[in-house]
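Step one of this worksheet: look at the structure below.
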Amino acid sequence: MLNAKSLLCVAALAFGGASAVQATTITWASSVTDSRDGATVTATSTGGSDAAGNALGADDGKSFGIGQGGVALFGFDAAFANEVTLVEGTKGNRSRQEKTVDIYVGLLADYIFGSFDLRLFTYVGTITNASEVTRVALPFGSFDTLALQDIVPAGPVRPNNRVGGPASNGWNVDAIGVMPTPVPLPAGGLLLVGALGGLAALRRRRKPV
């Protein structure tokens with residue numbers, strides 16, 4: 001028969017197993033459709049800030065400029081939730097290039113390719129390049145696509161790498177990371193409940209009459 005210590009060990013193992021499922025690692029964008037040609041590219045694309053592949057994978061110092069007023073949709077290898085991490089290519093140097101972007105999340109099934117219509121997506125917020133890395137909480141739900149829409153700040157447009165004012169290549173995306181939607185383990189939860197129930201029954205049995 002299991003004693004109280006054994007039941008506590010079972011409960012701890014069950015809880016630990018369930019917690020391990022929730023502990024997910026960040027997933028980086030694996031595909032992007034930009035506003036200029038609507039083509040899906042892969043991480044093999046390299047080159048200047050016009051290369052959309054620069055936005056894929058982890059932060060590597062290369063960035064993709066989505067263009068003034070441009071819209072870019074990013075896909076991931078798994079559905080995501082909770083939070084998004086955006087790494088901006090100008091390294092937070094807003095005094096040199098002013099950049100602003102709107103963030104949206106949604107499902108690719110709700111999007112018509114080539115339309116760049118985000119009305120069926122959920123608006124998350126607006127950020128600037130005041131910081132190199134920005135973390136933004138997402139609304140409740142599970143998503144598979146993140147969209148960025150460049151917002152041209154007020155003032156005269158400046159050529160790239162010129163001091164002050166909006167830059168002509170729009171928001172620079174170095175990397176976008178998300179947290180995969182947690183996958184529950186029903187078996188682990190049942191094991192935990194069963195272990196705690198057994199512990200309670202053992203305590204009742206030991207009560208003096």
Side-chain angles (χ1 to χ4, degrees), residues 28-41 43 45-76 80 83-108 110-139 143-178:
W28 302 100
S30 58
S31 62
V32 57
T33 301
D34 69 30
S35 61
R36 282 167 284 191
D37 57 17
T40 299
V41 299
S45 299
T46 58
S49 62
D50 287 338
N54 289 343
L56 306 182
D59 176 14
D60 59 3
K62 298 178 182 179
S63 63
F64 164 50
I66 67 175
Q68 285 186 331
V71 178
L73 277 75
F74 297 86
F76 303 83
F80 60 89
E83 183 182 84
V84 59
T85 299
L86 295 103
V87 184
E88 201 278 329
T90 62
K91 309 303 178 187
N93 191 358
R94 188 167 174 80
S95 62
R96 189 176 182 86
Q97 297 183 26
E98 298 177 13
K99 306 198 178 203
T100 306
V101 73
D102 284 345
I103 307 168
Y104 297 82
V105 290
L107 299 175
L108 191 60
D110 293 332
Y111 177 75
I112 300 175
F113 284 95
S115 70
F116 302 99
D117 182 355
L118 302 177
R119 285 178 294 179
L120 293 180
F121 276 42
T122 301
Y123 169 74
V124 176
T126 301
I127 64 172
T128 71
N129 63 325
S131 298
E132 177 185 358
V133 179
T134 304
R135 292 180 174 84
V136 181
L138 297 179
F143 313 97
D144 61 17
T145 304
L146 182 140
L148 298 178
Q149 182 169 28
D150 179 76
I151 303 298
V152 181
V157 175
R158 309 279 181 170
N160 295 335
N161 300 320
R162 298 289 288 275
V163 176
S168 59
N169 65 343
W171 184 266
N172 286 90
V173 186
D174 189 332
I176 301 178
V178 296

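The ring pair (Phe, Tyr, Trp, His ring centres under 6.0 Å) check on Phe143 picks up nothing, with sequence neighbours excluded. Scored by the salt bridge (charged side-chain N to carboxylate O under 4.0 Å, His left out) test, Glu132 finds Lys91 as partners (sequence neighbours excluded). Here Ala175 pairs with Trp28, Asp59, Val87 under the side chain to side chain contact (heavy atoms under 4.5 Å, CB included) rule; sequence neighbours left out. Every residue two or more places apart in sequence or in another chain that forms a side chain to side chain contact (heavy atoms under 4.5 Å, CB included) with Thr122 is listed here: Val105, Pro139. Contacts of Glu88 classified as side chain to side chain donor-acceptor pair (under 3.5 Å), with partners at least two apart in sequence or in another chain: Thr90. Not counting sequence neighbours, Thr85 has no partner by the side chain to side chain donor-acceptor pair (under 3.5 Å) test. The ring pair (Phe, Tyr, Trp, His ring centres under 6.0 Å) check on Phe74 picks up nothing, with sequence neighbours excluded. Residues meeting the side chain to side chain contact (heavy atoms under 4.5 Å, CB included) test with Leu120, sequence neighbours left out: Asp110. Qualifying side chain to side chain donor-acceptor pair (under 3.5 Å) partners for Asp144, counting only residues two or more places apart in sequence or in other chains: none. With sequence neighbours excluded, no residue forms a ring pair (Phe, Tyr, Trp, His ring centres under 6.0 Å) with Phe121.
Between Asp174 and Phe64 there is no side-chain heavy-atom pair separated by less than 4.5 Å. Residues Val101 and Ile151 have side chains not in contact (no heavy-atom distance under 4.5 Å, counting atoms from C-beta outward). Residues Leu148 and Ile66 have side chains in contact (heavy-atom distance under 4.5 Å, counting atoms from C-beta outward). Counting only heavy atoms from C-beta outward, the side chains of Leu86 and Ile127 approach each other to under 4.5 Å.
With hydrogens and angles disregarded, no donor-acceptor distance shorter than 3.5 Å links the side chain of Tyr104 to the backbone of Leu146. Between the side chain of Lys99 and the backbone N or O of Gly170, at least one donor-acceptor pair lies under 3.5 Å. Judged by distance alone, with hydrogens and angles left aside, the side-chain atoms of Asn172 form no donor-acceptor pair with the main-chain N or O of Gly89 at under 3.5 Å.
A salt bridge (charged side-chain N to carboxylate O under 4.0 Å, His left out) check over residues 114-131, counting only residues at least two apart or in different chains, returns the pairs Asp117-Arg119.
The shortest non-hydrogen separation linking Phe116 to Leu73 is CD2-CD1, 4.4 Å.
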Audit row: Ile103, Leu138, side-chain contact (heavy atoms from CB on, under 4.5 Å) steps and yes/no: CA-CA 10 Å; Ile103 307 168; Leu138 297 179; 5.5 Å; no

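No donor-acceptor contact under 3.5 angstrom links the side chains of Asn54 and Ser63, judged on distance only.
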